[in-house]
Amino acid sequence: MSTSIKNNNSNNSNRLSLAMERTGQWVFSQNIPTDVLVEVGEATFNLHKFMLVAKSNYIRKLILESNEPDLTRIDLSDIPGGPEIFEKAAKFCYGVNFEITVHNVAALRCAAEYLQMTDKYCDGNLAGRTEDFLSQVALSSLSGALVVLKSCEDLLPMAEELNIVKRCVDLASAKACNEANFPSRSPPNWWTEELSILDVSSFETIIAGMKSRGAKSLTLSSAIITYAERSLRDLVRDHSGNGIRSLDSDNSDARVRQRELLESIVALMPAEKAVFPINFLCCLLRTAIFLRAAAGCKGELEKRVSAILEHVTVDDLLVLSITYNGARLFDLESVRRIVSGFVEKEKNVAVFNGGDLREVCSTAMLRVAKTVDAYLGEIANYSELSISKFNGIANLVPKAARKVDDDLYRAIDIYLKAHPNLDEIEREKACSVLDPLKLSHEARLHASQNKRLPVQIVLHALYYDQLKLRSGAEDTPNVPEAVTTRNQLQADVSLVKENEALRAELMKMKMYVTDLKKTQGGSSKGGARKPTFFSSVSKTLGKLNPFKNGSKDTSHIEDGVDITKPRRRRFSIS
């Protein structure tokens with residue numbers, strides 16, 4: 001870094017030396033030796049006092065007030081614009097022509113003020129020349145005003161004291177508002193690209209100026225979007241992550257600057273929540289997560305996304321969830337808060353309208369539910385996704401918002417496939433968000449043959465289809481009937497377990513009695529037989545059979561249920 005600075009300074013000195021050599025050609029052609037050395041930073045200029053004093057009241061005072069009888073060295077390192085601008089001011093003193101442009105006019109005006117090269121001291125001085133250029137040329141167009149304002153960023157506070165900044169802001173904000181309402185050229189938003197050259201502090205002043213002139217929120221949002229995409233290009237526009245490798249360290253200077261810039265941009269956003277596209281807000285929030293922005297910054301973006309969540313796509317939610325290289329998941333708390341905020345808003349609207357969210361859901365809520373289920377299917381493959389986080393997002397959606405649970409079932413199936421080491425309890429927990437009674441016939445058919453699912457889910461699917469076949473009802477579950485069926489199903493599943501346990505004990509007893517007969521050498525000959533231990537046990541087990549006296553026949557379930565591994569708890573669907 002220091003080597004680069006030295007090289008740049010060396011190049012500047014060489015360039016200035018060449019410029020002064022050209023200037024000196026006129027000076028030395030008069031055969032008048034120089035009598036003062038002016039130092040500006042690392043650059044030095046051999047000049048004549050009388051030429052400088054003729055235009056600069058500041059240098060005249062230095063020479064008159066100096067304690068040295070013959071001042072030969074003057075330090076002007078504090079001059080605005082540095083050596084390059086002083087070189088032009090010196091040329092002006094010597095009467096050598098140079099070009100005033102929108103890029104250097106502000107610095108020349110500040111240098112003229114510093115050197116007291118005003119018309120009050122000498123007619124037609126540098127201050128007057130630069131003022132004429134500002135008013136007649138630089139501040140006659142939006143582009144010119146913005147370039148001058150940009151150059152003022154290195155000239156503060158003098159540029160503000162000379163009213164240059166205010167004049168630029170007033171003209172630029174007025175012309176930007178006019179261009180937004182009545183575009184003068186194509187594309188219509190060309191002026192937003194012009195604003196993006198500014199530092200964020202200057203951009204803030206322009207936005208404030210446009211607000212004071214009554215600019216619409218959509219106009220302001222257009223400027224903010226373009227500015228964010230230009231100033232945070234690698235983070236907002238480039239989703240590949242190729243341009244952010246230099247920002248790996250949380251405390252790197254580049255990352256700190258990006259973080260401060262993002263927070264400033266978010267603070268500029270107009271109050272209206274719906275003036276920014278959802279994909280832009282998601283990209284900005286992902287940037288805030290990546291840069292570890294302040295909680296207030298992230299919270300504001302989350303509220304804006306939540307307010308228009310019905311317009312979100314799965315890709316938008318994935319932008320919030322997956323790192324730039326797609327290798328891992330971000331913390332999903334932002335997604336959880338966004339969905340939770342939207343559901344809470346919908347509940348408040350339903351209560352205000354005298355309804356109940358459990359009974360009727362808005363079209364927006366139905367759309368969000370479908371998007372969330374599809375989103376869960378996309379992130380289910382990530383190994384670091386825990387069951388609690390998966391279920392936490394799935395449970396945010398009200399059950400009434402899912403007419404069918406097919407998308408949720410697909411997400412759960414993907415999750416179980418991607419996490420093959422889950423035990424039975426964990427698989428039950430992953431499936432606890434699913435209502436098997438709300439699956440379509442195709443999904444239930446798939447579930448009944450899905451070896452990844454817990455046994456109780458398979459039983460639910462098979463049993464519900466059997467009820468449909470028996471009743472001949474259509475495949476559209478009525479809510480009261482579904483509740484009754486669910487309660488009956490829970491009772492029947494419990495009875496199935498108890499019955500299978502009794503059958504297992506009965507088989508063991510049969511084997512025991514058979515072995516006992518073999519050891520005794522056969523059965524007794526003729527006549528009535530005494531009651532055996534086997535017959536006593538059979539009567540006892542018969543009394544305990546819960547399916548006696550007209551209970552439901554579960555013989556059809558025997559072949560499809562694995563009873564070798566008894567379940568540790570009942571399955572409950574709420």
Side-chain angles (χ1 to χ4, degrees), residues 218 221-222 224-226 228-229 232-241 262 266 269 272-290 298-346 349 361-382 385 389-398 401-415 418 433:
L218 284 174
S221 67
S222 177
I224 292 172
I225 290 171
T226 302
E229 290 181 344
L232 296 169
R233 183 186 301 273
D234 292 340
L235 297 171
V236 176
R237 273 190 173 182
D238 181 10
H239 296 174
S240 67
L262 172 67
V266 172
M269 291 182 167
E272 291 82 350
K273 303 293 185 185
V275 294
F276 291 95
I278 188 73
N279 60 335
F280 171 75
L281 291 174
C282 288
C283 287
L284 220 55
L285 179 53
R286 191 257 296 271
T287 303
I289 296 171
F290 173 75
K298 290 192 289 187
E300 175 63 23
L301 290 170
E302 287 170 358
K303 289 178 183 177
R304 289 178 179 273
V305 174
S306 182
I308 52 175
L309 190 60
E310 64 267 28
H311 302 296
V312 80
T313 66
V314 175
D315 289 340
D316 293 329
L317 289 180
L318 290 177
V319 162
L320 295 179
S321 310
I322 302 174
T323 54
Y324 282 87
N325 56 9
R328 59 185 179 83
L329 290 176
F330 280 129
D331 185 358
L332 300 181
E333 281 302 300
S334 282
V335 174
R336 188 190 64 77
R337 286 192 291 267
I338 288 169
V339 178
S340 177
F342 177 82
V343 173
E344 193 64 31
K345 181 192 74 171
E346 289 291 304
V349 171
C361 285
S362 66
T363 303
M365 187 71 253
L366 296 175
R367 189 182 300 123
V368 168
K370 195 167 186 65
T371 302
V372 168
D373 289 348
Y375 163 75
L376 288 171
E378 293 295 329
I379 66 172
N381 274 317
Y382 285 86
L385 179 62
K389 287 186 177 181
F390 181 89
N391 286 358
I393 295 176
N395 282 325
L396 291 174
V397 177
R402 294 187 177 102
K403 299 304 181 184
V404 291
D405 276 12
D406 287 13
D407 290 338
L408 183 59
Y409 167 67
R410 173 183 173 274
I412 291 172
D413 188 38
I414 293 173
Y415 185 84
V433 295

Checklist line | Criterion side-chain contact (heavy atoms from CB on, under 4.5 Å) on Val312 and Thr371, from CA distance to verdict | finding: CA-CA 8 Å; Val312 80; Thr371 302; 4.0 Å; yes
Do [Y] and [X] meet the salt-bridge criterion of a basic N to acidic O distance under 4.0 Å?
X      : Y      : value
Glu333 : Arg336 : yes
Glu300 : Arg304 : yes
Glu310 : Arg367 : no

Test item: [X] and [Y] side chains (from C-beta on) under 4.5 Å apart, heavy atoms:
X      : Y      : result
Phe342 : Val305 : no
Val266 : Leu301 : yes
Pro277 : Ile225 : yes
Met269 : Leu284 : yes
Val397 : Val368 : no
Leu320 : Ser334 : no

Note to self: Working note: Tyr415 + Leu376, criterion side-chain contact (heavy atoms from CB on, under 4.5 Å); need CA distance, chi angles, decisive distance, verdict.
What the structure shows: CA-CA 9 Å; Tyr415 185 84; Leu376 288 171; over 6 Å; no
For [Y], does its backbone N or O pair with a side-chain atom of [X] as donor and acceptor, under 3.5 Å?
X      : Y      : value
Ser306 : Glu302 : no
Lys298 : Leu285 : no
Ser221 : Leu218 : yes

Working to the nearest 0.5 Å, report the span between [atom1] of [X] and [atom2] of [Y].
X      : Y      : atom1 : atom2 : value
Thr313 : Ile278 : OG1   : CD1   : 8.5 Å
Leu396 : Glu344 : CG    : CD    : 11.0 Å
Cys282 : Ile289 : SG    : CD1   : 9.5 Å

Checklist line | Within 6.0 Å of CZ in Arg337, more than 12 heavy atoms from elsewhere | finding: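 Yes, CZ of Arg337 has more than 12 neighbouring heavy atoms, counting only those of other groups under 6.0 Å.
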Next item on the list: Sequence neighbours left out, what passes side chain to side chain contact (heavy atoms under 4.5 Å, CB included) with Leu318? Give chain and number order.
Entry: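 Val314, Asp315, Ile322, Tyr375, Glu378, Ile379.
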Item checked: Residues that Asp407 engages under side chain to side chain contact (heavy atoms under 4.5 Å, CB included), provided they are two or more places apart ->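 Lys370, Asp373.
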Check: Do the numbers put Arg286 on top of the ring of Tyr324, so that NZ or CZ is under 6.0 Å from the six-membered ring centre and no more than 45° off the axis?
Finding: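 Flagged: Arg286 positioned over aromatic ring of Tyr324.
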Show the nearest heavy-atom pair for residues [X] and [Y], with the distance to one decimal.
X      : Y      : value
Asp405 : Val433 : OD2-O, 4.4 Å
Ser321 : Leu317 : OG-O, 2.7 Å
Ala411 : Gly377 : CB-N, 3.5 Å
Leu309 : Val339 : CD2-CA, 3.9 Å
Ala288 : Leu262 : CA-CD2, 3.4 Å
Ala418 : Ala380 : CB-O, 3.7 Å

Item checked: Those residues that, when tested against Asn391, pass side-chain hydrogen bond (donor to acceptor under 3.5 Å, both in side chains) (two or more places apart) ->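 With sequence neighbours excluded, Asn391 shows a side-chain hydrogen bond (donor to acceptor under 3.5 Å, both in side chains) to no residue whatsoever.
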Note to self: Determine whether Phe390 and Ile412 satisfy the following criterion, side-chain contact (heavy atoms from CB on, under 4.5 Å), listing intermediate values before the conclusion.
What the structure shows: CA-CA 9 Å; Phe390 181 89; Ile412 291 172; 3.9 Å; yes
